[in-house]
Trainee: 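Submitted below is the structure of interest, expressed as C-alpha cells.
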Amino acid sequence: MFAKVIIDQDAKALDRVFEYKIPEDLDLNVGARVYVPFGSRVLQGYVIDLNENCEYDEGKLKSIISTLDEQPVIKRELLDLMHFMVKKNHLKYSSTLRLFLPSEMREGRVKELFENFYSLNLDKIDQVSTRAKKQIEAVAYLKENGKTSSAILKEMFGQSAIKALFDKGVLNKEKEQVLRVPSFTKMTQKRVTLNEYQQNAIDSICEDKTYLLHGVTGSGKTEVYMNLIERELADGKNAIMLVPEISLTPQIMSNFKSRFGDLVALLHSGLSAGERYDEWKRLFSGQARIAIGARSAIFAPLDNLGIIIIDEEHEQSYISESNPRYDTHDVAEFRARANKCPLVLGSATPSIDSYQKAKEEAYQLIELPVRANGKEMPIVETIDMMNELRAGNSGMFSNKLLAELVNVVNNKKQAMIFINRRGYSSFMRCRECGYIAKCSDCDVSLVYHREDNRLKCHYCGKQYRVLSRCPKCKSENIKQGAVGTEQVADKLKEMFPQVKVLRMDNDTTSTKNSHQKILEEFKNSKPGILVGTQMIAKGHDFEDVILVGIVDGDQTLYHTDYRSSERTFQLITQVAGRAGRSQAEGKVILQTYSPKHYVYKFASNYDYKGFYRKEINVRATAQFPPYTRIIRILFSDINENNVRELLKICYTEIEKLKAKYGADIIYMDAMKSPIQRVQGKYRYQIMMRLNLPNADAIENDAFEIVDKASKTSVFFEINPQNLS
Ligand code: ADP
Ligand code: ZN
Ligand code: ZN
C-alpha cells in the first residue's frame with residue numbers, strides 16, 4: 001500500500017503531494033498525522049489518500065516512519081474541503097490543513113489536564129473512626145456518588161479528612177484526564193411561543209439548499225436558530241452555528257448554553273489554549289454536537305451535520321483577509337452540500353451579494369418582517385449637520401441630540417452614542433459646502449495618507465495633492481480627519497459630570513473579558529451613556545436604552561470602497577436596532593452632512609428592499625461586483641527590487657491575456673499598495689476588474705502565470721474588503 005502525504009512545512013516548493021510506502025506493520029488511515037523521511041530530515045505530514053498502486057517509481061519511494069496519534073485527526077469530508085479550498089482560493093495545502101486542527105495540537109504546546117479521582121476501597125471502610133464526622137460524611141458521599149474528583153472532595157469535606165482516609169487505605173486514588181470546558185453565565189430562559197413567521201421559517205428550512213433568513217432587528221432569529229438545531233439534534237444530527245465575534249455577543253452564547261448545556265462547544269480566540277484544544281476534542285469525539293464560534297468554527301470536526309447557520313451573514317469578519325484567505329460562505333456551502341443539509345444565512349441587512357442570489361433564486365428567501373415583541377422599530381430622525389453649522393453650532397452634537405441626551409439623563413435611562421469609524425483612513429471634506437474629494441477616474445473618495453501627505457485612490461492608485469481650498473465653494477475650511485470615541489466621551493463627561501460615561505473601542509477592549517466588563521458596568525449604570533465604535537452596533541439587548549445617537553454617519557459612506565453605501569446602511573440599521581427593545585419608545589438621532597444621500601433615506605425608513613433596488617442599479621452602472629469581479633494580486637518581499645521585478649514580469653504576461661479575453665478584462669493596472677510596507681516587506685499589486693462570464697478562466701490563467709514566475713507566495717484576493 002502507498003500513502004499520499006502533504007508535508008507540514010511552509011516552503012512553497014514542498015507544498016505538493018508526496019508518495020510514501022506504508023510499512024507492513026503500520027495501521028494507517030486517511031487523515032492521520034505521520035512522520036516521514038524527507039531528504040536527510042524527518043518531517044511531519046498528513047496522509048490525504050491511500051492507494052494500492054503508486055504513481056512514481058516504486059524503487060525510489062521511502063517509507064513512512066510512524067504515526068503521531070492513535071487515530072486519524074482529520075475527517076474525510078474535511079480532506080475533500082481541502083481540495084476545494086486549495087483550488088478555489090489558490091491556497092497551499094499545508095496552510096489549509098492547519099485550519100482544521102487547533103494550533104495547540106500542532107505545536108504540542110498544550111498538556112492534557114489530569115486530575116486525581118478517589119473511590120472507596122470497601123474492604124477498609126471499617127477503619128474509619130466513628131468520631132471522625134467529616135470522614136464518615138465523605139464515605140457516605142462516595143458510596144452514593146461513586147468516583148469523585150479530589151478537588152470536589154477537598155472542597156466539600158476538607159483536605160485533612162480526605163488525606164486521613166487515603167492514608168488509612170480507605171480511598172483508592174487514580175489519575176484521569178479532564179476536559180476544560182469554558183464557563184458561561186447561564187441565564188434562565190423562558191420558552192417563548194413562536195410567532196407565525198418564526199414557525200414558517202422553521203418549517204420551510206428543511207432541504208439541502210441555502211436559505212437567506214431576512215429578519216428585522218429583534219425579529220427573534222436566535223429563537224429560530226435554536227429550534228432548528230434542536231430539531232436536527234433530535235434527528236441524531238449535529239450542527240454548526242457561526243457568529244461574527246463571540247466577545248460581542250455573550251448573550252447568544254448564554255442562550256445556547258442554557259438550552260443545550262454541554263452539547264455546545266465553543267471555538268474562538270478568546271479561550272485559553274487548553275480550553276480551545278479540549279473543546280475541539282469534545283466535538284471530535286462526539287461528546288459535544290453543536291459547534292459555535294467565529295469563522296474558524298466552520299472547520300469544526302463534526303460529521304453528520306444536520307444544519308449550518310451563519311448569523312449576521314453580511315459581516316466582514318466572515319472573510320479571512322490574511323493567509324489563508326477564504327470566504328466562510330463558500331466553505332459553509334461546500335460542507336452543507338457534502339452533508340446534504342440546509343445552510344441558513346441570517347441577517348437584518350443581508351449583503352447585496354446574498355440578496356441578489358436570493359432574488360435570482362440561487363438562495364431561498366425567508367422573511368421575519370416584524371419584531372418578536374410586537375414593538376415598532378424606533379423612529380430615526382436625520383439631522384443635517386450643515387444646517388447646524390450655518391446656525392452657529394460647530395460642535396459635534398446637534399441641538400436635537402443634546403436635548404434627547406438631557407431627557408435620558410433626567411429619566412435615569414440609557415443612551416448609546418455611536419462613532420462610525422473604520423480603520424485609520426479618512427477622507428477630505430469641505431466643512432462649508434460638504435464637498436468630498438473623489439477620484440476623477442473611479443468615483444470613490446480619496447484616502448488621505450499621512451506618510452507622504454497625499455490623497456490617493458485605493459482602486460487605481462492615482463495620487464492627488466492635498467487640497468487647501470474647496471474646489472466647489474473656495475472655502476479654506478476643508479479638512480481631513482474624523483472625531484474619535486475618546487474625544488466624544490470626554491466631551492460628554494464634561495457636559496454631564498454626574499452621569500456614568502463608558503467607552504468601548506479597540507483601545508478599551510484589548511484585554512480578555514474587557515467587553516463583558518464594560519457591558520456589565522453599563523447595564524448597571526442608570527443614567528448611563530455608552531460611547532463606542534462598530535463594537536456596540538450589534539447583538540446587545542439593553543432594556544433601558546431609549547436613545548441611540550449616530551454622531552457622524554458619513555464616515556463609512558465616503559470610504560473608498562464600492563461597498564461604502566452597503567456598509568453604512570448595515571451599520572445604521574444595526575445601531576438603530578439597539579434602541580427601544582423593551583417597554584419604552586426608542587429614538588435614533590442620525591447626524592450627517594449628506595442628509596439627502598439615498599442610504600439615509602432608506603435606512604431611516606428601515607427600507608432594505610428599496611435600498612437594495614437602488615444599490616444594485618448603482619453597481620450595475622458602475623460595473624462593480626456582483627456584476628463584475630475585482631481581483632487584487634498582492635506581491636510582497638523584503639527586497640524592493642525583487643518584488644518590482646516580479647511584478648513587471650507578471651504584469652507583462654497577464655497583459656497578454658487581453659488578446660485572448662478582450663473586453664472581459666475591463667480594467668487592469670499595476671501599482672504600489674496603499675500601505676507600501678508591512679513588517680519590512682514592500683508591497684505591490686495588480687488590480688483587475690473582470691466581466692463575470694470569463695472571470696474564472698481569466699483568474700486561473702493569471703494565477704498560473706504568477707505561480708510559475710514566483711518562488712514565494714503571492715496572494716490572490718477576490719473582491720477584497722479592504723484595499724490597504
Ligand atoms: P434578532 O436576533 O432577530 O435581532 P433576537 O433573537 O435577539 O432578535 O430576539 C429579540 C428578543 O425577542 C429576544 O429578547 C427574544 O427572547 C425575544 N423573542 C424571540 N422570539 C419571541 C417570541 N416568539 N415571542 C416573544 N419574544 C420573543
Ligand atoms: Zn481611481
Ligand atoms: Zn466647499
Side-chain angles (χ1 to χ4, degrees), residues 185-205 211-231 239 241-246 248-260 264 290 292 307 309-315 317-318 344-351 354-355 365-378 380 414 416 519 523 534-546 548 569-586 588 603 606 608:
T185 35
K186 293 189 189 167
M187 304 190 299
T188 43
Q189 239 194 350
K190 46 181 189 333
R191 281 275 177 160
V192 297
T193 315
L194 298 171
N195 65 33
E196 56 176 315
Y197 297 107
Q198 289 171 314
Q199 191 59 53
N200 167 57
I202 293 160
D203 294 342
S204 309
I205 297 173
Y211 297 86
L212 181 61
L213 180 64
H214 180 203
V216 300
T217 53
S219 58
K221 290 186 286 296
T222 315
E223 200 57 43
V224 171
Y225 302 150
M226 288 197 286
N227 278 274
L228 286 168
I229 291 175
E230 205 159 37
R231 183 183 76 197
M241 156 127 161
L242 305 181
V243 292
E245 215 180 313
I246 296 250
L248 301 186
T249 46
Q251 281 161 337
I252 289 204
M253 276 319 306
S254 319
N255 277 336
F256 272 78
K257 275 279 183 186
S258 340
R259 179 85 60 104
F260 299 109
V264 176
I290 309 168
I292 300 191
I307 194 155
I309 295 164
I310 304 185
D311 187 28
E312 311 281 3
E313 68 92 26
H314 61 278
E315 281 291 324
S317 62
Y318 288 122
V344 180
L345 310 174
S347 176
T349 51
S351 70
S354 294
Y355 204 78
L365 183 64
I366 295 179
E367 296 178 335
L368 303 176
V370 297
R371 282 190 152 180
N373 60 8
K375 294 290 268 188
E376 293 289 311
M377 301 299 288
V380 180
Q414 296 179 313
M416 283 184 171
L519 293 175
K523 195 173 179 176
Q534 270 65 359
M535 286 178 189
I536 64 170
K538 50 185 157 276
H540 311 302
D541 206 357
F542 292 106
E543 291 195 343
D544 285 307
V545 172
I546 57 165
V548 166
F569 182 87
Q570 287 163 348
L571 268 168
I572 289 173
T573 310
Q574 298 286 346
V575 189
R578 297 314 112 213
R581 289 177 75 91
S582 70
Q583 308 320 320
E585 288 279 303
V588 181
Y606 302 95
Y608 177 85

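Just follow the structure's listing: the first ligand is 1, and inside any ligand the first atom is 1. Keep in mind that what you see is a predicted model, and the values were worked out from it rather than measured.
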Trainee: Taking the basic N atoms (NZ, or NE/NH1/NH2) and the acidic carboxylate oxygens, is any pair closer than 4.0 Å for E376 and R371?
Mentor: no
Trainee: At under 4.0 Å between heavy atoms, is it the side chain or the backbone of Q198 that contacts ligand 1, or both, or neither?
Mentor: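 The answer is the side chain of Q198.
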Trainee: Output yes when E543 and K523 qualify as a salt bridge under the 4.0 Å nitrogen-oxygen rule, no when they do not.
Mentor: no
Trainee: Which ligand 1 atoms, with their elements, are less than 4.0 angstrom from a heavy-atom of G218?
Mentor: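 So the answer, numbered in order with elements, is 1 (P), 3 (O), 4 (O), 8 (O), 10 (C).
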Trainee: Report, in ascending order of atom number, the atoms of ligand 1 lying under 4.0 Å from any heavy atom of T193.
Mentor: 22 (C), 23 (N), 24 (N)
Trainee: So, using ring pair (Phe, Tyr, Trp, His ring centres under 6.0 Å) as the criterion, who are the partners of H214 when residues are at least two apart?
Mentor: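 With sequence neighbours excluded, H214 shows a ring pair (Phe, Tyr, Trp, His ring centres under 6.0 Å) to Y355, Y608, given in chain and number order.
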Trainee: Give a yes-or-no answer on whether the side chains of E313 and S354 include a donor-acceptor pair shorter than 3.5 Å.
Mentor: yes
Trainee: Given A372, G577, S219, identify the one with the heavy atom nearest to atom 27 (C) of ligand 1.
Mentor: A372
Trainee: Need the ligand 1 atom indices (1-based, order shown) with element for anything under 4.0 Å from a heavy-atom of T217.
Mentor: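 Counting from 1, the qualifying ligand atoms are 4 (O).
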Trainee: Which atoms from ligand 1 have a heavy atom of N195 less than 4.0 Å away?
Mentor: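 Within the 4.0 Å cut-off of N195, ligand 1 contributes 23 (N).
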Trainee: Polar-atom distance check: E223 versus ligand 1, any N or O pair below 3.5 Å?
Mentor: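 N/O-N/O distance under 3.5 Å: no.
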Trainee: Does V192, backbone or side chain, put an N or O under 3.5 Å from an N or O of ligand 1?
Mentor: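 Such a contact does not occur with ligand 1.
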Trainee: Under 3.5 Å, is there a donor-acceptor pair linking the side chains of E196 and N200?
Mentor: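 Side chains of E196 and N200: no pair found under 3.5 Å.
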Trainee: Just to check, does N373 reach to within less than 4.0 Å of ligand 1 when the distance is taken from its heavy atoms?
Mentor: no
Trainee: Using side-chain hydrogen bond (donor to acceptor under 3.5 Å, both in side chains) as the criterion, list what pairs up with Y225, not counting sequence neighbours.
Mentor: D311
Trainee: We want to know whether Q574 and E312 form a side-chain donor-acceptor pair, criterion being a heavy-atom distance below 3.5 angstrom.
Mentor: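 Checked: Q574/E312 side chains pair up, N/O donor to acceptor below 3.5 Å.
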Trainee: Could an N or O of ligand 1 be found under 3.5 Å from any N or O of T222, whether backbone or side chain?
Mentor: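 Yes, T222 has an N/O under 3.5 Å of an N/O on ligand 1.
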